[in-house]
Amino acid sequence: MFFKKKREIEYDLDMNNIPQHIAFIMDGNGRWAKKRKMPRTYGHHEGTKTIRTLALEANRLGVKAMTVYAFSTENFKREASEVDYIFKLPKEFFQLYLKELMDNDVSIRYIGHLEMAPLETRRIIEEAVSQTSRNHGLILTFAFIYGGRDEIVEATKIICEEYKHGQISLDDINEDYFEKHLMTKDLPPVDLMVRSSGEKRLSNFLLWQLAYAEFVFDDTLWPDFDEERLHYAIAVYQGRERRFGGVVK
Ligand code: IPE
Ligand code: IPE
Ligand code: MG
């Protein structure tokens with residue numbers, strides 16, 4: 001098996017200021033393949049290697065959580081053949097890398113409507129989640145059939161049910177309470193959001209959670225994104241001043 005050779009990493013990272021939670025919009029697989037006159041699916045295939053590379057490196061750096069946008073609720077607009085291919089990738093990914101991720105104490109989770117995926121895909125992902133549930137390293141979350149607006153609507157519905165059944169009063173509903181009903185409820189706050197491929201939009205990703213995250217947009221296409229670009233994004237993050245609406249003296 002061949003993996004990309006590590007490039008020289010030259011950013012002087014402050015190990016006391018590593019983002020706890022990094023969220024990636026993995027974009028540019030199709031364009032990466034097109035540049036090589038290959039089908040878009042080949043780009044998706046190559047893009048999964050980047051997830052492995054970044055998860056291992058993020059884990060090594062002490063990042064607590066990494067969330068990757070793997071399939072959006074809007075991605076069903078694509079051709080069925082491409083959608084079917086993407087739904088087969090978890091099997092390939094976990095066959096190749098689950099053992100290594102396990103050995104590195106990585107814990108797998110997902111957010112999104114996994115119940116809409118084919119049975120085999122669901123089984124594979126659920127199996128990876130359960131096998132790694134006692135690990136304490138990086139939490140690697142796949143946003144799969146995920147949409148930020150949908151997540152907010154779903155949380156609202158759960159809270160409405162609670163209200164309807166008299167379990168809570170209106171005064172119980174506040175930002176903290178709402179957040180506990182999101183799919184990300186057990187994850188730390190997102191500190192850094194990175195989107196590859198040069199597009200500068202959120203495409204319905206983690207709309208609530210990104211309210212105060214730092215954004216880094218990188219022109220690299222996802223299959224080419226590597227440890228060096230991760231270090232660069234963290235270096236940019238460390239150069240930012242986070243104010244959360246306050247004033248830094
Ligand atoms: C990201 O790459 C992967 C998914 C959205 C599933 P794209 O497939 O969006 O690649 P481009 O943007 O067309 O290059
Ligand atoms: C966002 O990328 C979704 C994922 C990375 C899974 P898209 O390529 O689907 O987003 P748009 O269409 O460019 O906004
Ligand atoms: Mg895209």
Side-chain angles (χ1 to χ4, degrees), residues 4 21-55 58 65-94 96-97 108-118 120-122 124-125 140-154 182-184 187 190 192-210 213 215-226 229-230 233:
K4 263 178 260 161
H21 185 173
I22 309 180
F24 289 97
I25 302 183
M26 313 190 282
D27 200 11
N29 290 346
R31 279 163 281 168
W32 185 92
K34 196 170 173 212
K35 267 171 63 179
R36 287 160 181 78
K37 303 199 179 351
M38 296 291 281
R40 295 177 53 81
T41 48
Y42 180 60
H44 296 315
H45 169 81
E46 288 298 301
T48 60
K49 297 181 186 171
T50 304
I51 304 175
R52 170 215 171 248
T53 305
L54 297 189
M66 169 172 153
T67 299
V68 293
Y69 203 8
F71 192 89
S72 75
T73 46
E74 289 76 23
N75 287 148
F76 280 114
K77 293 177 188 163
R78 299 185 180 200
E79 276 190 25
S81 58
E82 183 174 344
V83 173
D84 289 349
Y85 185 86
I86 293 172
F87 284 167
K88 290 202 177 88
L89 284 175
K91 183 174 182 184
E92 185 185 307
F93 180 82
F94 290 123
L96 282 173
Y97 309 127
I108 306 293
R109 301 204 195 151
Y110 69 84
I111 53 173
H113 289 281
L114 194 60
E115 77 281 0
M116 289 169 74
E120 197 185 15
T121 311
R122 281 162 60 183
I124 298 279
I125 296 176
L140 172 60
T141 302
F142 288 83
F144 198 66
I145 319 185
Y146 171 86
R149 289 178 175 174
D150 166 77
E151 181 188 30
I152 291 169
V153 171
E154 292 286 326
L182 294 172
M183 295 164 178
T184 51
L187 297 173
V190 182
L192 170 62
M193 190 289 298
V194 181
R195 183 168 188 152
S196 60
S197 92
E199 306 294 355
K200 291 169 187 70
R201 55 178 169 263
L202 290 181
S203 304
N204 204 12
F205 189 44
L206 299 177
L207 298 180
W208 173 288
Q209 297 85 344
L210 295 180
F215 289 4
V216 172
F217 295 98
D218 192 302
D219 286 340
T220 311
L221 300 175
W222 183 252
D224 289 332
F225 206 96
D226 60 7
R229 295 324 290 163
L230 172 64

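Not measured: the values here are computed from a predicted model. Order of listing sets the numbers, starting from 1, for every ligand and every atom in it.
Note: Y97 and F93 have perpendicular aromatic rings, judged against thresholds of 30 and 60 degrees for the angle between ring planes. Using cut-offs of 30° and 60° for the angle between ring planes, the F215 and F217 rings count as perpendicular.
Shown in contact with R40 at under 4.0 Å from a heavy atom are these atoms of ligand 1, numbered in order with element: 7 (P), 8 (O), 10 (O), 13 (O).
Put simply, the side chain of F24 reaches to within 4.5 Å of the side chain of L230, judged on heavy atoms.
Listed by chain and number, I25, M26, D27, Y69, A70, F71, S72, N75, R78, R195, R201, S203 each place a non-hydrogen atom less than 4.0 angstrom from ligand 2.
At a cut-off of 3.5 Å, with distance as the only test, a side-chain donor of S72 or N75 sits close to an acceptor on the other residue.
Nearest heavy atom pair, residue N29 against residue H44, reads ND2-ND1, 3.1 Å.
A ring-ring contact (aromatic ring centres under 6.0 Å, His included) with F144 is found for exactly one of Y69, Y110, F87, namely F87.
Metal site remark for the Mg ion (ligand 3): D27 contributes an N, O or S atom at a distance under 2.8 Å.
Side chain of T50 to main chain of W222: a donor-acceptor pair is present (N/O by atom type, distance under 3.5 Å, no hydrogens or angles).
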